Amino acid sequence: MNVCLEILINGARGGSLVSFPTDTVPALATIPEKAELIYAAKQRSLDKPLILMAARPEDLWTYVQGSEIEYQIWQEVVDKYWPGGLTLVLPASDKVPTVMNPVDPTTIGIRVPNNAIAQNILAQTGPLATTSANLSGQPPLETVAAIQTAFPGVITLESTTYQGLSVPSTVAKWTGMDWQILRQGGIKLDNSGR
């Protein structure tokens, strides 16, 4: 369903599946409590966690937990690379619905995209459960038409270019001491996180 921004935002708030452009690949998204919709639509394995995406870092901090020193380290990385194509996998707080990461609910990936449309949507919906818009194991879809064909029930934006960098975000997991790169994307993060 191809709609205007206001209808997409209301749909997302109501728990519908939506798709919108980001700075990397187009996102498939819904409110965190309805994350199972993403798994079903994508035919995605439950051992592949989703990313919590928001308009601002401040919107995400209550979803993670760590020591004061860890928060300082994470904030330094965020200040340097966000908004942008970097997903941080951090210890999850009890605010994260288990369905976001069914196999390991102790962690959550978080990200702030460097895309005005995505930030506008996320500022009005709050953090959303997201992943790339594609069937599991297939390349990311890059056009509204392709997304609508693969996911007929998903709400998309009319007359919007979804083309980002076509490179997924770098995914870095906090080990308690340093960063483990789970997926290398466009951002190069050294082990110290600087």
Side-chain angles (χ1 to χ4, degrees), residues 1-55 82-89 99-103 108-172 181-187:
M1 184 175 15
N2 213 351
V3 299
C4 69
L5 193 62
E6 184 181 354
I7 293 172
L8 183 139
I9 288 165
N10 289 336
R13 284 182 182 146
S16 295
L17 268 181
V18 301
S19 181
F20 52 84
T22 74
D23 49 343
T24 56
V25 296
L28 194 60
T30 190
I31 55 174
E33 298 75 22
K34 295 277 194 168
E36 68 275 359
L37 295 174
I38 293 176
Y39 284 101
K42 284 184 59 124
Q43 301 161 26
R44 184 179 176 94
S45 167
L46 293 178
D47 63 357
K48 294 182 177 177
L50 303 176
I51 294 170
L52 196 61
M53 197 177 278
W82 280 2
L86 175 65
T87 298
L88 299 179
V89 179
V99 70
M100 288 283 301
N101 191 353
V103 173
I108 185 66
I110 60 173
R111 182 161 105 79
V112 174
N114 189 14
N115 177 285
I117 295 170
Q119 287 185 7
N120 184 2
I121 291 166
L122 293 162
Q124 296 181 67
T125 61
L128 294 178
T130 66
T131 185
S132 55
N134 61 301
L135 292 172
S136 199
Q138 300 295 314
L141 303 171
E142 297 180 353
T143 66
V144 173
I147 292 166
Q148 289 177 329
T149 299
F151 305 105
V154 170
I155 301 171
T156 56
L157 292 173
E158 59 190 1
S159 65
T160 297
T161 300
Y162 274 42
Q163 187 72 40
L165 297 176
S166 299
V167 178
S169 64
T170 296
V171 179
I181 304 301
L182 302 181
R183 178 178 71 200
Q184 186 62 61
I187 289 179

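Because the structure is predicted, anything quoted here is derived from the model rather than measured.
Annotation for Pro102 and Tyr39: closest pair CD-OH, 3.4 Å, computed over non-hydrogen atoms. Listed here is the closest heavy atom pair of Pro152 and Thr149: CD-O, 3.9 Å. Here the shortest heavy-atom pairing between Glu33 and Glu36 reads O-OE1, 3.4 Å. The shortest non-hydrogen separation linking Ala35 to Val99 is CB-CG1, 3.7 Å. Considering every non-hydrogen atom in both Ile108 and Leu50, the closest pair reads CD1-O, 4.0 Å. Considering all non-hydrogen atoms of both residues, Thr125 and Ala12 come closest at CG2-CB, 3.9 Å.
Side-chain contact check for Thr131 versus Lys48: every heavy-atom pair is 4.5 Å or farther apart. Using a 4.5 Å heavy-atom threshold, the side chains of Ile147 and Pro26 count as touching. Looking at Leu157 and Leu5, their side chains come closer than 4.5 Å, going by heavy atoms from C-beta outward. You'll find the side chain of Lys42 reaches within 4.5 Å of the side chain of Ser132, heavy atoms only. Between Gln124 and Glu6 there is no side-chain heavy-atom pair separated by less than 4.5 Å. The shortest side-chain heavy-atom distance between Ser45 and Val103 does not fall under the 4.5 Å cut-off.
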message: Applying side chain to side chain contact (heavy atoms under 4.5 Å, CB included) to Thr130 and Arg111, what does each step give before you reach the verdict?
response: CA-CA 10 Å; Thr130 66; Arg111 182 161 105 79; over 6 Å; no
query: Where do Ile110 and Trp82 land on the side chain to side chain contact (heavy atoms under 4.5 Å, CB included) test, with the steps shown first?
result: CA-CA 11 Å; Ile110 60 173; Trp82 280 2; 3.7 Å; yes
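We find the CD1-OG1 distance between Ile51 and Thr87 to be 3.5 Å, quoted to the nearest 0.5 Å. Going from atom CG of Leu17 over to atom CG of Leu128 covers 10.5 Å, rounded to the nearest 0.5 Å. If you take CG on Leu52 and CG on Leu88, they are separated by 12.0 Å, rounding to the nearest 0.5 Å. For the atom pair CG of Asn134 and CD of Gln43, the computed distance is 11.0 Å after rounding to the nearest 0.5 Å. Of the inter-residue distances, the one linking Leu141 atom CG with Thr143 atom OG1 reads 7.0 Å to the nearest 0.5 angstrom. The structure places CD1 of Ile117 at 8.5 Å from CG of Asn120, a figure rounded to the nearest 0.5 Å.
Gln119 places a side-chain N or O within donor-acceptor distance of the main-chain N or O of Pro113, the cut-off being under 3.5 Å. Side-chain atoms of Thr22 do not come within 3.5 Å of backbone N or O of Ala27 as any donor-acceptor pair. One N or O on the side chain of Arg44 and one on the backbone of Pro49 form a donor-acceptor pair closer than 3.5 Å.
Side-chain contact annotation: Thr24 with Ser169, donor-acceptor N/O pair under 3.5 Å absent.
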